[in-house]
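Below: the structure, in structure tokens.
Given the structure is predicted, the values throughout are model-derived calculations rather than measurements.
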Amino acid sequence: TFAGLSSLTSLTIPDSVGAIGGNAFIGVGSPFTLNYCGNADLTGTGLPNPSTNAGTCAPASPLSLTATSGNNSAIIAFTAGANFGQAISNYEYSVDGGSFVALSPADTSSPVTVPGLTNGTTYSIRLRAVNNRGTGAISASVSATPKTPISVAAIGGVTVPVVGAT
């Protein structure tokens, strides 16, 4: 039993035969982790239904990040992770493993723009969502290299790149 573990949110089950709350189970060929988002009393039989407490979780991580170069910025497109019944209020980003910074103004959907980067430098960027339950899980990283936009000029009706633009 799990008496006294009312704040349990993750349980790793080894590849073996065991019991949870008096209910037997057989391992699935390799260890797996059961995650539960909610405030549950796990002293009874079986596990509670996560859908009854789904609104108690911070968001899941953003998925499938892709980066597009901007001028001193990176535009990050992604698929939002689960919000567990609570609207996303903002996203935060981390550059090269640094501290997370909230987008300002707040942005609640893809894509988001990461500002303040140096053109020509490659960065590793990670995102996480925020809702009224807290900061969510951190995404996988995506690489981005901001670039100076190519300037063009019209000369005699012909558009040509300006020398020195990259």
Side-chain angles (χ1 to χ4, degrees), residues 1-15 18 20-21 25 27-28 30-44 46-149:
T1 83
F2 296 100
L5 297 178
S6 62
S7 63
L8 179 70
T9 59
S10 180
L11 171 66
T12 299
I13 300 172
D15 179 21
I20 296 178
F25 69 89
V28 294
S30 63
F32 66 96
T33 299
L34 171 68
N35 291 309
Y36 175 76
C37 293
N39 298 318
D41 178 3
L42 300 179
T43 59
L47 292 174
N49 180 350
S51 66
T52 61
N53 289 314
T56 63
C57 299
S61 65
L63 306 168
S64 305
L65 277 65
T66 59
T68 303
S69 299
N71 185 20
N72 294 312
S73 65
I75 298 93
I76 310 298
F78 58 92
T79 301
N83 66 12
F84 300 106
Q86 300 297 314
I88 301 300
S89 57
N90 200 7
Y91 282 90
E92 297 178 343
Y93 64 90
S94 170
V95 176
D96 292 336
S99 298
F100 277 86
V101 176
L103 292 169
S104 182
D107 199 339
T108 61
S109 62
S110 177
V112 297
T113 299
V114 176
L117 305 177
T118 300
N119 290 336
T121 301
T122 299
Y123 296 93
S124 175
I125 299 171
R126 300 178 89 182
L127 297 178
R128 67 182 180 191
V130 179
N131 69 12
N132 67 352
R133 298 296 183 189
T135 54
I138 300 169
S139 72
S141 64
V142 65
S143 292
T145 306
K147 295 180 182 176
T148 303

Quiz item: Is any side-chain heavy atom of Pro111 less than 4.5 Å from a side-chain heavy atom of Ile76?
Solution: no
Self-check item: Between CD1 on residue Ile75 and CD1 on residue Ile125, distance to nearest 0.5 Å
Solution: 9.5 Å
Quiz prompt | Asn131 side-chain N/O to Ser89 backbone N/O, donor-acceptor pair under 3.5 Å | solution = no
Self-check item: Interatomic distance, Thr148 atom OG1 to Asn72 atom CG [nearest 0.5 angstrom]
Solution: 6.5 Å
Quiz item: Between Tyr93 and Pro115, what is the shortest heavy-atom contact and its length?
Solution: OH-CD, 3.7 Å
Quiz item: What pair of heavy atoms forms the shortest contact from Gly136 to Ala58, and how long is it?
Solution: CA-CB, 4.1 Å
Quiz item: So which of Leu63, Thr66, Val112 actually passes side chain to side chain contact (heavy atoms under 4.5 Å, CB included) with Phe78?
Solution: Val112
Quiz item: Does NZ or CZ of Arg128 fall inside the cone over Phe100's six-membered ring, less than 6.0 Å from its centre and within 45° of the axis?
Solution: yes
Practice problem: Locate the shortest heavy-atom distance separating Tyr123 from Thr118; write the atom from each residue and the value. | Solution: OH-N, 2.9 Å
Quiz item: Which pair of heavy atoms, one from Leu117 and one from Pro146, lies closest together, and at what distance?
Solution: CB-CG, 3.6 Å
Quiz item: Looking at Gly98 and Ser94, what are the two nearest heavy atoms and their distance?
Solution: O-OG, 2.6 Å
Practice problem: Of all the heavy-atom pairs spanning Ala144 and Ala74, show the shortest one and how long it is. | Solution: CB-CB, 3.6 Å
Quiz prompt | No-hydrogen, no-angle side-chain donor-acceptor test under 3.5 Å, Ser61 and Ser139 | solution = no
Quiz item: With distance as the sole test, does Asn90 use its side chain to make a donor-acceptor pair with the main-chain N or O of Asp107 at under 3.5 Å?
Solution: yes
Practice problem: Keeping the roles fixed (side chain from Ser110, backbone from Thr79), state whether a donor-acceptor pair exists under 3.5 Å. | Solution: no
Quiz item: Hey, does the side chain of Thr108 reach the backbone of Ile88 with a donor-acceptor pair shorter than 3.5 angstrom?
Solution: no
